[in-house]
Undergrad: 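Below you'll find the structure I mean.
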Amino acid sequence: MRYWLMKSEPSDCSIDDLAAMTEQTVAWYGVRNYQARNFMRDQMRVGDGALFYHSNCAVPGVAGIARVASTAYPDATQFDRESRYFDPKATQETPRWFNVDVQLVKKITLVPLAELRKHPELERMRTLRRGNRLSITPLDPAEWKFITSRLARD
DNA sequence: GCCAACGTTGGC
DNA sequence: GCCAACGTTGGC
């Protein structure tokens, strides 16, 4: 079992948007970075833990606890000419982009990025490192445990 | 294979 | 809106 931090822009899909979805589950489409894709395609398994992180917004931070709800399958938006995620180089036979489904476990009181930065236990977290822009990053089990048991509040 | 130009991310 | 950091593209 692995643990992940997954960034979402709340203007695109917020924790409340996720809560409103059928089965409180969303397809994590639109990832167009190979490292992030490889994490989903090669490493994610049903039941992995995920921190749902709000990025590119007034108060960025961890907004909820989620779980990986499917293994990876081809991202439908790569084939959709109308989509901003359309990729002319992708074909049905050789899809280039994949996504998993992510299901809400529970919404928490937002743990702001500034709060995460205060804790030495988290200083090696990839998302906190300077210059990191990856939208999906692995979390150490210790980091997952610290955040979910020590910082997360209902 | 190099690398400059360009586009994107995302905190502030 | 700014801008640093980084990934991707494409000419050579």
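In what follows, chains are A, B, ... by sequence order, proteins preceding strands, each numbered from 1.
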Undergrad: Nearest 0.5 angstrom please: A:F52 CZ to A:I65 CD1, how far?
TA: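 Nearest 0.5 Å value for the CZ-CD1 distance: 11.5 Å.
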Undergrad: Whole-Å distance between B:dT8 P and A:K7 NZ?
TA: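 For the pair A:K7 NZ and B:dT8 P, the rounded distance is 17 Å.
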Undergrad: Do A:V31 and A:L5 belong to the same hydrophobic cluster, where Ile, Leu, Val, Met, Phe, Trp and Tyr are linked whenever their side-chain heavy atoms lie under 4.5 Å apart, directly or via other members?
TA: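 No, A:V31 and A:L5 fall in different hydrophobic clusters.
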Undergrad: Among B:dT8, B:dG11, C:dT8, which nucleotide sits nearest the side chain of A:Y34?
TA: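 The answer is C:dT8.
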Undergrad: Rounded off to whole Å, could you give me the CE-to-P distance for the A:M6 and B:dT9 pair?
TA: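 These atoms are roughly 16 Å apart.
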Undergrad: Between atom CG in A:L134 and atom C1' in C:dG7, what is the gap in whole Å?
TA: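 Atom-to-atom, A:L134 to C:dG7, this comes out as 10 Å.
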Undergrad: On DNA chain C, does the nearest nucleotide to A:N33 precede the nearest nucleotide to A:N56 from the 5' side, or the other way round? Give the residue.
TA: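 Nearer the 5' end of the strand: A:N56.
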Undergrad: Go through B:dC12, C:dG10, B:dG10 for me and flag the one nearest to the A:L113 side chain.
TA: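 Nearest to the side-chain atoms of A:L113, counting from C-beta on, is B:dC12.
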Undergrad: Check the distance between B:dG7's P and A:D87's CG and give it to me in whole angstrom.
TA: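 Atom CG in A:D87 sits about 17 Å away from atom P in B:dG7.
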Undergrad: If you count every heavy atom of other residues, nucleotides or ligands that lies below 6.0 Å from A:R124 atom CZ, does the total exceed 12?
TA: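 Not buried by this count: 12 neighbours or fewer within 6.0 Å.
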Undergrad: Determine, step by step, whether A:Y34 and A:R96 satisfy the side chain to side chain contact (heavy atoms under 4.5 Å, CB included) criterion, reporting the C-alpha distance in whole Å, the side-chain angles of both residues, the deciding distance to 0.1 Å, and the verdict.
TA: CA-CA 9 Å; A:Y34 289 103; A:R96 182 184 281 207; 3.1 Å; yes
Undergrad: Rounded to the nearest angstrom, tell me the gap between atom CH2 in A:W97 and atom P in C:dG7.
TA: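 Distance check: A:W97 CH2 to C:dG7 P gives 13 Å.
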Undergrad: Using atom CD of A:E9 as one end and atom C1' of B:dG11 as the other, report the distance to the nearest whole Å.
TA: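 Computing the A:E9:CD to B:dG11:C1' distance gives 12 Å.
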Undergrad: Take the protein atom CZ of A:R32 and the nucleotide atom P of C:dC6, then report the distance between them rounded to whole Å.
TA: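 A:R32 atom CZ is separated from C:dC6 atom P by 23 Å.
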Undergrad: For the pair made of CG in A:L116 and P in B:dC12, what is the distance, rounded to whole Å?
TA: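 Going from A:L116 (CG) to B:dC12 (P), I get 11 Å.
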